[in-house]
Every structure is written in C-alpha cells, then in structure tokens.
Amino acid sequence: MLYLCSENMKRSIVIILLVGVSSLLMHAQYAIDSVRLQVSANDTFYLARMQDVWVYPKMVFKNKQQERFYWKTVRDVKRTLPLAKELAKEMQVADQQLALQPDDQARRKWWRQYEKYLFKKYENNFRRMTASQGQMLMKLMDRESERTSYEIIKHYRGKASANFWQFVAKLFKNDLKEGYDAQDKDRIVERVINLVEAGQL
C-alpha cells in the first residue's frame, strides 16, 4: 500500500499510473511535485482489445448419459447460435419496417412478403435441424430478442396463430411461453454459449 512506501517510491508509483493512462489524455500535462510529465503527439501507444476469457469449474459428469447430454448441448448451441443472432437482426429490421407502414393492411401485406423472403432464405437451415436443435433455437431466440417464441408468433402472426402453435408444442411436451433462464435451468446452456463465443469450446 502507498502509506508503507517511501516518498520516492510514492512518486514512482504515481508516475507509472500516469503513464498508464496517458494514452487516454494526449497532450495533457501532469505535475507531481518536481516531476512533470508531458505526452507529445509523436509518442506511440499500443492498444489491444483482449477477448473475454471465461473460467468455470471443470465439468464433472455423474454418468455417461449426462456427459452425452452436455456434448449434445454443445453441438446444438454451435449449430443454432449464429442462426439465432441472425434471426434477431431480421426481427429488428422487420419491426423498423412495420413501424413505417401507414396502416394495418399495409403492415400485413409487407409482412407476408417478408415472411416469404425469410422462409426461402432459412428453409434449408430449418429442415436440417434435429428436434433438440429446434428447441435450442427457441431458447436462443428468447435470449437474443428477449421475447419468447409465443410472443414472437403473437407479434407477427397474431394471437390465434400463437395459441395454435402453443397447442401443437404442448402435444410434443414443449412450451412456447417458456423463457430463457440463464441463472437457473439454462445455466449450462449459458456456460456453453459464453465458451463458444470466446472461442474456448
């Protein structure tokens, strides 16, 4: 701590700290006792943005089934995360364009055309997905857009359509109203996402 250091050491520490922040304050002058620091325009500073590094406890699996489930989750996240991010951007575009339409009829017409475009663009992605990847995509869409699948369908297709697909989902023991929970039930998924995005997995 500073109060345990000599006066000269205090000055040295302060100088080091000032040099460390000098890249943020070009052409600024500091006076510390008799020491005067000046940053000139000819100085070169190297700035590097470090990627996040996530540190988690080592995964401990109780059995082979749990281990298979984990690596299946890794596979599904890697497969669906880029698509979820892309679709979230498509939703932003859609919301902006729908807001510009003059009335409900124009909004419906615009959405029908955009829906055809989206279906054509992403049809092959959806057809190649497994059931578990479809479920993962719903989770990640909620994570990226902060809207459940039910809310998304209701927003773009109406309540009747949302209720119909919720009924279908229930038949297959799914729930379109179920949100993403990074702190509890989806914490392993969140861990995998963080590691994948950081290039650690």
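A salt bridge between E178 and K185 is present, with a side-chain N of the basic residue lying under 4.0 Å from a carboxylate O of the acidic one. For the pair R107 and D104, the salt-bridge criterion is met [side-chain N within less than 4.0 Å of a carboxylate O]. Electrostatic pairing of E123 and K116 does not count as a salt bridge here, judged by no charged N lying under 4.0 Å from a carboxylate O. Ion pairing between a basic and an acidic side chain is recognised when a charged N comes within 4.0 Å of a carboxylate O; K177 and E151 show no such pairing. Using a cutoff of 4.0 Å between basic side-chain nitrogens and carboxylate oxygens, K139 and D186 are scored as salt-bridged.
Aromatic ring pairs are classed by plane angle as parallel below 30°, tilted from 30° to 60° and perpendicular above 60°; the pair Y70 and F61 is tilted. Using bins of under 30°, 30° to 60° and over 60° for the plane-to-plane angle, the ring pair Y122/F126 lands in the tilted bin.
When side chains are defined from C-beta on, Y180 does not count as touching T148, because their heavy atoms never get closer than 4.5 Å. Contact check for M91 versus M141: side-chain heavy atoms found under the 4.5 Å cut-off.
When the options K78, R191, K85 are evaluated for a salt bridge (charged side-chain N to carboxylate O under 4.0 Å, His left out) with E197, the one that passes is K85.
Contact detail for A182 and E190: the closest heavy-atom pair is CB-OE1, 3.7 Å.
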Does the pair Y117 and Y114 meet the rule for a ring-ring contact (aromatic ring centres under 6.0 Å, His included), with working shown? CA-CA 5 Å; Y117 156 77; Y114 195 65; 5.4 Å; yes

TODO: Decide side-chain contact (heavy atoms from CB on, under 4.5 Å) for D95 and H155; before the verdict, give the C-alpha distance in whole Å, the side-chain angles of both, and the deciding distance to 0.1 Å.
DONE: CA-CA 10 Å; D95 289 342; H155 179 69; 3.1 Å; yes

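Among residue pairs with one or both ends in residues 154-166, those qualifying as salt bridge (charged side-chain N to carboxylate O under 4.0 Å, His left out) are E115-R157; sequence neighbours excluded.
In summary, the side chains of Q200 and N194 do not present any donor paired with an acceptor at a separation below 3.5 Å, with no hydrogens or angles considered.
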